[in-house]
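Report on the following structure.
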Amino acid sequence: MANINDNFLNRLISLLNSEVRTKTKETREAEEFCDALKWKLTRCFEETLKIDALSDDFELAPFISEHINAPIERMKLQIEKPWLKSKLTIGLLGHFNVGKTTALNLILSENLPTNEDENTALAAYLINGNQGEMSIVTKSGQTLALKEEDSKVLDYADGLKKFPFARIFDYIVKENGSDLLNYLTFIDTPGLGKNLEHSEPTISALKVCDAIIWFIKTPNSISKKDIEFLKENIGGRSLYIVLSFIDDTADPEKATSVIKERLNDADIKVNEYFTLGYSNEIQTQFSSEIISCLKSAADNHDAYNPYAHIYSVINFLENLLTEYKKNVTEEYNKLDKSTDNLLDAYRTSRQTFVTEFNTCCRIMSNVVDTFNDRCAGATFCGGASNAICNLLNSYQSSFRRMSEADDAIDYNKLVEFGRETSQMNFFNLRGKQASEILEDLQSIKNIFD
Ligand SMILES: Nc1nc2c(ncn2[C@@H]2O[C@H](COP(=O)(O)OP(=O)(O)OP(=O)(O)O)[C@@H](O)[C@H]2O)c(=O)[nH]1
Ligand SMILES: [Mg+2]
């Protein structure tokens with residue numbers, strides 16, 4: 001690293017001492033809401049998993065990452081960078097020194113520094129606003145007002161080569177009065193470097209882009225590695241290709257068709273190709289073509305709404321739990337009926353048994369009375385004998401009914417009754433648990449509404 005000169009150091013100190021634009025109370029509260037929402041919603045899914053309400057092939061971790069973490073991070077991002085909310089966000093990507101900043105200067109009549117060497121150190125958001133207003137956000141999340149003079153410290157020409165700005169600062173925001181920024185936001189990136197650390201600002205900018213303008217230095221063509229990077233990272237984004245340094249190529253047509261062929265072979269869909277070069281003529285044509293193309297892309301852009309995404313996730317879980325609760329209640333009611341039937345059968349048998357037992361006792365006492373009244377001290381007469389025989393017959397039938405009633409008490413059914421009762425308790429508990437999760441979801445929904 002070159003010696004740090006006084007000029008550089010003074011500018012850096014002045015930049016670091018710039019006025020801090022503190023977050024408003026609303027912003028802080030909104031960020032806290034996002035963190036709480038992420039926690040609450042994740043917990044609702046975990047609790048749903050615990051009660052087995054999710055299907056067997058439901059994979060919780062990837063679902064949470066895609067449908068809870070990603071949209072909520074996007075919400076936080078929109079709170080921090082409101083200009084990302086409804087506009088088409090376009091990232092200028094590629095290697096360093098391929099003409100990204102030059103292209104942006106042409107599109108927006110900007111004067112962002114360009115240089116023959118690696119120049120852009122941080123991602124820069126070009127947003128609609130007062131021409132020339134700039135701010136810089138530190139790694140710790142503080143926003144500093146950035147004066148034009150101080151911003152020179154970041155330039156390769158006026159600053160210090162390889163000073164690790166990206167370890168102190170996160171990104172720059174520059175306001176611009178161009179009409180185009182009413183519809184879209186640009187992110188100028190430092191480009192992909194030799195290592196991950198150098199590429200980090202570019203990769204994190206990529207995450208918030210709806211569309212990518214990928215720059216290819218035509219004489220260098222496109223490498224396999226770049227094609228792999230595009231395939232892995234393009235996602236659902238629109239891709240535009242700028243073939244820069246076109247007039248530095250001996251055979252532009254051939255170079256262009258090789259690049260198109262390689263992208264085509266890799267099955268990478270390109271929305272539009274543009275050419276950029278050094279001559280005024282090429283640059284004028286480039287500006288007018290790319291501006292009209294991006295304008296129409298912005299017109300057709302359906303802004304991603306993370307709130308709608310989260311709302312649909314809540315609805316999904318709500319419907320799933322409502323259905324689950326319905327099923328659980330149905331199972332409970334079925335068992336309730338079945339245990340009632342088992343209990344009724346048991347009661348009937350028990351009642352018969354008791355009735356017959358009482359009848360037996362009564363007959364026995366009649367037999368005793370008959371003996372006492374009619375047979376005391378007497379020899380057996382035919383009438384008494386008949387009466388006793390009749391009584392003993394009914395005594396026997398009563399005993400038989402008692403035995404049948406006892407037989408009717410099926411002990412397996414009693415075991416079944418016990419099992420079903422405990423299953424009922426289980427379904428009852430599951431229903432309550434589902435209701436609790438549904439209440440939590442409703443409270444989240446109330447905040448949304
Ligand atoms: N001949 C020629 N020079 C170009 C072209 N595009 C950009 N340049 C020059 O190439 C150098 C690098 O251009 P930049 O716009 O700074 O490139 P960049 O991709 O933003 O570079 P980093 O910010 O370092 O990633 C500058 O000196 C530009 O003037 C082009 O199409 N043809
Ligand atoms: Mg640049």
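First listed ligand is number 1; within each ligand, the first listed atom is number 1.
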Any nitrogen or oxygen of [X] lying under 3.5 Å from a nitrogen or oxygen in ligand 1? Just yes or no.
{"X": "D188", "value": "no"}
{"X": "S244", "value": "no"}
{"X": "N97", "value": "yes"}
{"X": "T102", "value": "yes"}

- On the 0 to 90° scale, with breaks at 30° and 60°, tag the F274-F286 ring pair as parallel, tilted or perpendicular.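 Plane angle over 60°, so perpendicular.
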Taking only heavy atoms of [X] into account, list the atoms of ligand 1 that are under 4.0 Å away from them.
{"X": "P190", "answer": "25 (O)"}
{"X": "D248", "answer": "1 (N)"}
{"X": "V98", "answer": "17 (O), 18 (P), 19 (O)"}
{"X": "Y278", "answer": "1 (N), 2 (C), 3 (N), 32 (N)"}
{"X": "L276", "answer": "31 (O)"}

Donor-acceptor pair between [X] and [Y] side chains, under 3.5 angstrom:
{"X": "N69", "Y": "E73", "result": "no"}
{"X": "N305", "Y": "K85", "result": "no"}
{"X": "Y183", "Y": "H301", "result": "no"}
{"X": "H95", "Y": "N220", "result": "no"}

- Just wondering, is there an N, O or S atom on N97 that's nearer than 2.8 Å to the Mg ion (ligand 2)? no
- K81, NZ atom: more than 12 neighbouring heavy atoms under 6.0 Å: yes
- Step-by-step ring-ring contact (aromatic ring centres under 6.0 Å, His included) determination, W214 to F229: CA-CA 11 Å; W214 182 268; F229 179 85; 5.8 Å; yes
- Query: Which residue from F245, F286, F96 reaches closest to atom 30 (C) of ligand 1 through any of its heavy atoms?
  - Reply: F245
- Message: Tell me whether K260 forms a cation-pi arrangement with Y273, defined as NZ or CZ under 6.0 Å from the six-membered ring centre and within 45 degrees of its axis.
- Response: yes
